[in-house]
Number of protein chains: 2
Amino acid sequence: MITLDYADRRPIYEQVIEKMKDLILLGVLETDSQLPSVRELAMDLSINPNTVQRAYAELERQGVIYCVKGRGNFVAGTDGLKDKQKEELKPQLSELVKKAQKADMTEEEFITLVKQFYSEQ
Amino acid sequence: MITLDYADRRPIYEQVIEKMKDLILLGVLETDSQLPSVRELAMDLSINPNTVQRAYAELERQGVIYCVKGRGNFVAGTDGLKDKQKEELKPQLSELVKKAQKADMTEEEFITLVKQFYSEQ
DNA sequence: TAACTGTATTAAGAGTGTTAGTACACTTGA
DNA sequence: TCAAGTGTACTAACACTCTTAATACAGTTA
């Protein structure tokens, strides 16, 4: 279901959060469908259940999933998720533009790169 | 000369690296001009000399400054620095575009944001 | 020579990420 | 009803990184 990248320096729980969001955004996991249990995913990824629990707790805090004690974790409504992701992206793009301006990269250069990366899919 | 942001979660030495590059990119520090000594900057920022040393060592590794034992640290040629910064920016922008695509943000939307942030300076 | 430079080393503390083990409450199906 | 599965909580331990502290040594300069 998910593959971890051990070359990635970010903590495991952050990767799990990101991958789960991706699966939901891609429609692989639909609204109200059940996620693998904490222990099951931990086994699957060969990591500790506590680490999965941390990721799930954060996903719940963000409203991406909801938890029912004794039953499991389920995908929350996906309506707002894409908008949330877009909002999250803005400050990051703002920082990148600042960096570009410091390096004297023109708006045209920047946009050319954007178009290039967009076309790469 | 430099101000640290303690709200920034990044390590201090990374902030020092970034701020020094900014000063060089802005032309405040010219080629071959001397940087504050390790101990002086440490005093100025109220941090440990080892932390400054770590930042300076990394700046030297990146070719941004050069060090002369007993004399001090000096700004290396700034010619390539802007190009380096541009190159560093590309993979970051690529990741951001991927994120945008996952959230169904169109190229047009993305570029509109870029233009907006560019005009904000 | 004294005072400044960079550089290296070791030790300690704080914080974070991860694992391990255990425990408890809830739900479900046989 | 009961066993197995669920989420959740807690403590302890370990590793790693960041930072500080205290020295020490070598080179440069006035």
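Per chain, numbering begins at 1; letters A, B, ... match sequence-line order.
Relative to the side chain of B:Glu60, the nucleotides C:dG17, C:dT7, D:dT20 differ in distance, and C:dT7 lies closest. If you check D:dG7, D:dT6, D:dT19 against the side chain of A:Lys69, the one that comes closest is D:dG7. Side chain of A:Glu40, nearest nucleotide from C:dT19, D:dT6, D:dT20: D:dT6.
In this model, no donor atom of one side chain and acceptor atom of the other lie less than 3.5 Å apart for A:Gln62 and A:Lys84.
One atom, CG of B:Asp8, and another, P of D:dC18, lie 13 Å apart when rounded to the nearest Å. Rounded to whole Å, atom P of C:dT5 lies 15 Å from atom CD1 of B:Ile65. When the P atom of D:dT19 is taken as reference, atom CZ of B:Arg9 falls 14 Å away, rounded to whole Å.
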What verdict does the side-chain contact (heavy atoms from CB on, under 4.5 Å) test give for A:Ile47 and A:Tyr13, after you've listed the backbone C-alpha separation in whole Å, the side-chain angles of each residue and the deciding distance to 0.1 Å?
CA-CA 10 Å; A:Ile47 61 177; A:Tyr13 78 92; over 6 Å; no

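Annotation: side chain of A:Ile12 is in contact with side chain of A:Leu4 (closest heavy-atom distance under 4.5 Å).
When the nearest nucleotides of DNA chain C are assigned to A:Glu14 and B:Ser37 by heavy-atom distance, the more 5′-ward of the two goes with B:Ser37. Toward the 5' end of DNA chain C, the nearer of the two residues B:Asn50 and A:Arg71, judged by each one's closest nucleotide, is B:Asn50. Along DNA chain D, the nucleotide nearest B:Asn48 and the nucleotide nearest B:Arg39 are compared for position; the residue whose nucleotide lies closer to the 5' end is B:Asn48.
Under the 4.0 Å criterion applied to side-chain N and carboxylate O atoms, B:Lys21 and B:Glu18 are not assigned as salt-bridge partners.
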